[in-house]
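Quick notes on the structure that follows.
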Amino acid sequence: MAFDPTALISDRAHAIDASGIRRAFDLAAKLDDPINLSIGQPHFDVPDAARHAASAAIDSGRNGYTPTQGAAPLLQRLGQHLANEFPATLGDQSGATPGPLGLPEDTGLLITSGVSGALVLALLACAQPGDEVVMPDPGFVMYGHLTRMAGATPVPIDTYPDFQLTADRVEAAITDHTKMVILNSPGNPTGVVTPPDQCRKLYDLCQDRGVLLVTDEIYDAFCYEPFASPAAVGRNLLILRGFSKTYGMTGWRLGYAAGPKPLIEQMAKLQQYTFVCAPSMVQAAGLAAIDVHMSAEIDAYRQKRDRVVERLTPHYTLTPPGGAFYAFPEVPKHLGMTGSQFIEHAINTKKLIVIPGSVFSQRDTHFRISFAADDDALERGLDALVEL
Ligand code: PMP
């Protein structure tokens, strides 16, 4: 039999359809001087302190593997950070016996290759064929793909038009097969923030039904209204945090997961045989980054958010984003276009690149703009959207 690499590809790989985003990028590659509001990463650079720490780590020969769980100084610092942020559940008011990282003894912490790495490990550690994973629709594309890769079934919850993953909506979807519920606040692609009462209800619901609540808090720093986390309610959940967005370090691959020790131990075991560890010099950079104040950058993004809401609201149905750097307007119905048709129209007539809602959703009625762009590009993009 002749060698045919295409015949070797698994059903698992074939099942992933990356055509939505690729199509937007393919169209964009043909443009010169496009207005690009499609990118899911901050437009600011890594803070100096983090860059210097990374190069110092490289220059001083700290280039080997770190322990799978992560480098001790960063683990200590992150443990302290979480204990300070959630004193009642993870800190000194929790009443729990403290462990070596300053977190309760029953709570584990693992440094990962980005939040993506943590998601891979969490799904591989918990989900298997026959299991269901509840997630928001619209939602971050990776949740559904990774669930399928683990052999489990994604259960997207329609959250239109307010984009809240409420406990009521989730409860209606929980079955005997549900293993996990994934919450993402502030959310990609909508920027919507889950209020504290919903965090509590979701936590209680998941506790009650024996389901793992995974809270993807990668946009926690980008919150223009009070940030709330179910981690403030109790410890029986998995918190995922990252450095990519907060510090403009998307290419550096650093994140962490905190949660029930037995789960974190399984994730660490899987990390040992997959990623091995997060990049060592990046862990050194993360330790420096965590003390950098990003308030000027966050304030600038708040102003961009205000500008987006102010300019688009008269023309588009838009749920105002309370966080992240995305807005998710509806394609005006009178245009009679799907999200995908609108995106082609925007590229062809205005050289504007945004992402069709169908990439994140079973519906094709909306589109995502990223306002992580300089003011000039953002203003040109908003002009184009108003004209469209
Ligand atoms: N979760 C969400 C909601 C995201 O938007 C992203 C990045 N786009 C990630 C996780 C993964 O981020 P990283 O792997 O860079 O930490």
Side-chain angles (χ1 to χ4, degrees), residues 18 20-21 24-25 36-44 46 50 70 74 78 110-124 133-147 149 154 156-157 159 163 165 180-194 213-223 227 229-230 238-258 267 271 274-275 277-279 282-283 285-286 289-290 301 321-328 354-355 357 359-361 368-373:
I21 286 194
F25 290 149
N36 194 347
L37 300 187
S38 72
I39 312 276
Q41 63 184 352
H43 78 299
F44 52 79
V46 180
L74 183 59
L78 292 173
L110 175 69
I111 296 172
T112 57
S113 287
V115 173
S116 305
L119 282 166
V120 170
L121 299 171
L123 279 153
L124 290 180
V133 178
V134 172
M135 58 193 67
D137 177 332
F140 179 45
V141 282
M142 226 181 242
Y143 303 147
H145 292 316
L146 290 178
T147 300
M149 260 190 233
I157 307 279
T159 62
F163 307 124
L165 189 75
M180 270 187 195
V181 171
I182 306 180
L183 173 69
N184 174 215
S185 169
N188 179 6
T190 65
V192 162
V193 173
T194 306
L213 179 59
V214 178
T215 175
D216 177 348
E217 304 183 354
I218 190 164
Y219 297 103
D220 64 333
F222 299 86
C223 211
F227 171 69
S229 167
L238 186 67
I239 313 169
L240 307 183
R241 293 267 176 105
F243 287 74
S244 284
K245 315 286 174 170
T246 311
Y247 304 106
M249 286 168 55
T250 48
W252 288 29
R253 317 307 310 130
L254 189 63
Y256 55 103
M267 288 171 61
Q271 172 144 285
T274 51
F275 301 94
C277 63
V282 176
Q283 294 189 55
I290 205 164
Y301 276 48
F325 32 72
Y326 307 115
F328 199 62
V354 292
I355 308 270
V359 165
F360 309 96
S361 176
R368 185 190 82 174
I369 72 167
S370 163
F371 51 84

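Just so you know, residue 1 is the first one in the sequence shown, and it goes up from there. Start at 1 and go down the list; that is how both ligands and their atoms are numbered.
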Partner set under side chain to side chain contact (heavy atoms under 4.5 Å, CB included) for S38, not counting sequence neighbours:
F25, N36, I353, I355
Check side chain to side chain donor-acceptor pair (under 3.5 Å) between Y326 and all other residues, then give those that pass, not counting sequence neighbours.
Y219
For side chain to side chain contact (heavy atoms under 4.5 Å, CB included), just list the numbers for K245 and D220, CA-CA rounded to whole Å, side-chain angles, deciding distance to a tenth of an Å, and then say yes or no.
CA-CA 9 Å; K245 315 286 174 170; D220 64 333; over 6 Å; no
Ligand 1: protein N/O within less than 3.5 Å of ligand N/O:
from: ligand 1; atom 1: 1 (N); to: D216; atom 2: OD2; distance (Å): 2.6
from: ligand 1; atom 1: 5 (O); to: N188; atom 2: ND2; distance (Å): 2.8
from: ligand 1; atom 1: 5 (O); to: Y219; atom 2: OH; distance (Å): 2.7
from: ligand 1; atom 1: 8 (N); to: K245; atom 2: NZ; distance (Å): 2.8
from: ligand 1; atom 1: 14 (O); to: V115; atom 2: N; distance (Å): 3.3
from: ligand 1; atom 1: 14 (O); to: S116; atom 2: N; distance (Å): 2.9
from: ligand 1; atom 1: 14 (O); to: S116; atom 2: OG; distance (Å): 2.5
from: ligand 1; atom 1: 14 (O); to: R253; atom 2: NH2; distance (Å): 2.6
from: ligand 1; atom 1: 15 (O); to: S244; atom 2: OG; distance (Å): 2.6
from: ligand 1; atom 1: 15 (O); to: R253; atom 2: NH1; distance (Å): 2.8
from: ligand 1; atom 1: 16 (O); to: V115; atom 2: N; distance (Å): 2.7
from: ligand 1; atom 1: 16 (O); to: S244; atom 2: OG; distance (Å): 3.4

Do S229 and E217 meet the criterion of a side-chain donor-acceptor pair at a distance under 3.5 Å?
yes
Can you name the residues that form a side chain to side chain contact (heavy atoms under 4.5 Å, CB included) with M149, not counting sequence neighbours?
R12, I16, L146
Would you call the rings of F222 and Y301 parallel, tilted or perpendicular, taking 30° and 60° as the class edges?
tilted
